[in-house]
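Notes to accompany the following structure.
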Amino acid sequence: MRRRGIDLSRAARYNIGMKSHRFLPKIAAAAVLCAVLCSLFAGCSDIRDIYTIDSTDYGLYANYHYSDGSNKMNFSLRGEGGEWVEVSWDTPVTFNTLLIEESGSYVTEFEIYIGNSLVYSQDEIGDLRLVYLGTVNTTSIRISVKSSDGAYNLTRLGVYYVPRNRDFAITDMYYVDPDSDDYLNDGSDFSALAMSTDVILTGEPFAYGADGSISADVSKLAAAVAALKRINPGISVHVLLYAKPETDGLSAAEVRENAMGDNRVAFGKSVVELLSLSGADGAIFDFVENPSVFSHGVFNDFIEFVRGLIPSPRQLGVYVSHDNATFDDASKSYIDDFYVVAFGMGDYSTNPASFASACQVLEKLSDNGVPKAKVQLTIPLFGKALGTEENSAERETVYRYRDNDRWLELGYYDNSLTENGLTLSFNGYTMIKDKTAFAYGYGMSGVVLVDYDSDVSYSEALSLHRAVHAAIDNRN
């Protein structure tokens with residue numbers, strides 16, 4: 001058993017409460033998630049591992065008690081809900097982060113209690129759930145499974161104290177209005193922007209062509225940069241440039257290949273002109289296609305070329321996926337930020353923008369030698385409507401958190417609503433908080449919120465921006 005920081009060999013008791021005392025054999029969690037989990041707090045000497053127990057921990061410990069009377073610990077449960085897991089200490093311990101791992105995703109509702117007080121509730125655990133509780137001092141913590149889709153296996157529980165004492169970027173992605181004089185939307189409520197560190201402007205004007213031209217109106221961009229810096233003088237403004245499929249049949253990957261390859265001089269000059277004339281602080285490039293379609297070498301050479309034209313402090317960033325998380329040493333040094341997307345559920349084969357896929361990307365970037373401090377996690381403030389056979393036309397409809405009239409019903413813990421046969425599914429307050437805490441604990445440099453206008457006003461208690469700040473602003 002691994003213990004660091006506090007010796008619990010005589011202090012900890014581990015209890016399992018179940019409707020049925022049938023145990024399943026241990027099942028290891030997904031290898032990629034395990035790798036990310038094991039590296040989550042690696043190299044952070046100020047992070048304390050208060051208590052960690054997993055399915056590989058067997059043995060006889062006088063300080064353990066199991067509800068079935070056994071002395072052999074098997075960290076796996078079977079049931080239909082109503083089970084609980086509790087860890088208690090003889091003397092109070094201080095922590096702020098809980099990590100739970102499940103093999104698969106069968107738990108459909110669970111709660112966390114500190115002592116006898118309910119402090120957290122969510123709809124699922126999934127392969128990996130990192131919970132930021134705020135700093136607590138207690139002698140016990142209990143995870144209660146309220147319901148599940150049949151048998152389930154919890155494979156790991158970790159209790160940590162993660163100091164909130166370092167810089168962390170909060171970046172808002174903002175989709176511009178092409179018809180506005182300053183690219184800003186009339187309905188935008190900029191109350192949360194005062195607490196953000198960066199803004200990424202994107203949308204139709206920031207598409208580029210195979211010839212390396214960028215369609216943005218520089219005067220409108222300059223007006224947007226000036227307006228945003230009046231709201232928050234310390235904010236950095238970046239533009240996200242993306243390859244747009246062309247009418248002559250070129251795909252986005254082919255447009256990118258041409259612009260960054262044969263036409264890189266023209267494209268590089270377009271980027272320089274856009275930044276210098278608008279006052280924007282940096283450019284971010286989309287780079288998400290399979291390398292069999294788009295060459296890593298072309299991208300690496302382009303980044304080296306552009307870095308020569310755009311010296312620091314102006315920044316260069318890149319959006320990456322599982323397929324393109326390999327960069328040469330030169331481009332790694334030239335790129336300031338690597339952006340990883342964690343939007344929905346599923347693995348890479350079913351959803352390349354899922355949280356599980358993000359973990360795969362993180363592992364690949366780490367193996368490639370990209371520092372964690374150069375990586376930012378992108379999380380959504382929007383949701384999707386998942387339909388039924390009766391209203392299949394509504395499936396996959398994207399909607400904004402603020403545009404859902406029933407968002408006030410959600411409270412702090414829910415991630416979905418049912419309306420006219422549709423399941424409105426998204427990342428609610430607590431989910432956003434947890435993903436931010438994951439990024440912070442992993443050692444990333446920040447999070448990107450997509451998109452700014454999806455959130456309600458910062459004055460509202462359930463503002464998703466408030467959830468982000470709640471995950472990082474407890475600096476003790």
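Both backbone and side-chain heavy atoms feed into the values below; hydrogens, waters and symmetry mates do not.
The closest side-chain heavy-atom distance from Ile114 to Tyr120 is not below 4.5 Å. Leu99 is not listed as a side-chain neighbour of Thr97, based on a closest heavy-atom distance of 4.5 Å or more. Looking at Phe305 and Leu309, their side chains come closer than 4.5 Å, going by heavy atoms from C-beta outward. No side-chain heavy atom of Tyr442 sits less than 4.5 Å from a side-chain heavy atom of Leu377. The side-chain heavy atoms of Val450 and Tyr175, taken from C-beta on, include a pair separated by under 4.5 Å. Within the 4.5 Å cutoff, side-chain heavy atoms of Phe95 are placed close to those of Ile141. Counting heavy atoms from C-beta on, the side chains of Val131 and Thr430 never come closer than 4.5 Å. You'll find the side chain of Ile170 reaches within 4.5 Å of the side chain of His469, heavy atoms only.
Residue Asp367 qualifies as enclosed at atom CG: its count of foreign heavy atoms under 6.0 Å is above 12. Heavy atoms from other residues, nucleotides or ligands lying under 6.0 Å from OH of Tyr106 number 12 at most.
Rounding to the nearest 0.5 Å gives a distance of 13.5 Å between CD1 of Ile310 and OH of Tyr334. Distance check, rounded to the nearest 0.5 Å: CG of Leu464 to CG of Leu381 gives 5.5 Å. In this structure, OG on Ser148 lies 11.0 Å from CD on Glu109, to the nearest 0.5 angstrom. Between Ile235 atom CD1 and Thr171 atom OG1 the span is 8.0 Å, to the nearest 0.5 Å. Here the CG atom belonging to Asp262 is positioned 14.0 Å from the CZ atom belonging to Phe267, to the nearest 0.5 angstrom. For the atom pair Thr436 OG1 and Ile472 CD1, the distance stands at 7.5 Å (nearest 0.5 Å).
The side chain to side chain contact (heavy atoms under 4.5 Å, CB included) test with Asp336 singles out one residue from Arg307, Lys374, His238, and that residue is Arg307. For the side chain to side chain contact (heavy atoms under 4.5 Å, CB included) with Val320, the qualifying choice from Val341, Val375, Val340, Asn368 is Val340, the only one to do so. Tested against Met173, the residues Leu240, Leu201, Leu449, Asp198 include a single side chain to side chain contact (heavy atoms under 4.5 Å, CB included) partner, Leu240.
Looking at Lys332 and Asp329, a side-chain N of the basic residue comes within less than 4.0 Å of a carboxylate O on the acidic one, giving a salt bridge. The residues Lys244 and Asp286 are annotated as not salt-bridged, no charged nitrogen and carboxylate oxygen being separated by less than 4.0 angstrom. Under 4.0 Å is where a charged nitrogen must lie from a carboxylate oxygen, and between Asp455 and Arg466 no such pair does.
Aromatic rings from Tyr132 and Tyr440 are positioned such that their centres are separated by 6.0 Å or more.
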Stepwise side chain to side chain contact (heavy atoms under 4.5 Å, CB included) test for Met260 and Tyr208: CA-CA 10 Å; Met260 294 185 176; Tyr208 59 84; 3.8 Å; yes
From CA spacing to verdict: side chain to side chain contact (heavy atoms under 4.5 Å, CB included), Arg314, Val272: CA-CA 10 Å; Arg314 280 205 164 94; Val272 171; over 6 Å; no
Steps toward side chain to side chain contact (heavy atoms under 4.5 Å, CB included) verdict (Val239, Leu275): CA-CA 9 Å; Val239 292; Leu275 297 184; 4.1 Å; yes
Ser213 vs Ser270, side chain to side chain donor-acceptor pair (under 3.5 Å): CA-CA, chis, key distance, verdict: CA-CA 6 Å; Ser213 62; Ser270 295; over 6 Å; no
Test log, rule side chain to side chain donor-acceptor pair (under 3.5 Å), inputs Asp149 and Thr108: CA-CA 7 Å; Asp149 289 331; Thr108 54; 4.8 Å; no
Audit row: Leu221, Phe206, side chain to side chain contact (heavy atoms under 4.5 Å, CB included) steps and yes/no: CA-CA 10 Å; Leu221 178 58; Phe206 302 106; 3.9 Å; yes
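When all heavy atoms are compared, the tightest approach of Ile284 to Val318 is CG2-N, 4.0 Å. Between Gln376 and Asp337, the shortest heavy-atom distance links the atoms NE2-OD1, 3.4 Å. Listed here is the closest heavy atom pair of Ile214 and Pro205: CG2-O, 4.2 Å. Annotation for Ile303 and Leu316: closest pair O-CD1, 4.4 Å, computed over non-hydrogen atoms. In terms of heavy atoms, Leu274 sits closest to Ala216 at CD1-CB, 3.9 Å. Shown here for Ile432 and Pro380, the closest heavy-atom pair between the two residues is CD1-O, 3.3 Å.
Between Phe338 and Phe327, the ring-plane angle classifies as perpendicular under the 30° and 60° cut-offs. Under the 30°/60° scheme for interplanar angles, the aromatic rings of Tyr452 and Tyr174 are found to be tilted.
The backbone N or O of Ser196 lies less than 3.5 Å from a partner atom in the side chain of Asn232, making a donor-acceptor pair. One N or O on the side chain of Asn263 and one on the backbone of Ala210 form a donor-acceptor pair closer than 3.5 Å. Remark: side-chain polar atoms of Asn185 are not paired, donor with acceptor, to backbone N or O of Ser188 under 3.5 angstrom. Judged purely by atom type and a 3.5 angstrom limit, Asp217 uses its side chain to pair as donor or acceptor with the backbone of Lys220. Formation of a donor-acceptor pair under 3.5 Å by the Glu102 side chain with backbone atoms of Val107 is found in this model. Listed for the Glu460 side chain is no donor-acceptor partner under 3.5 Å among the backbone atoms of Ser457.
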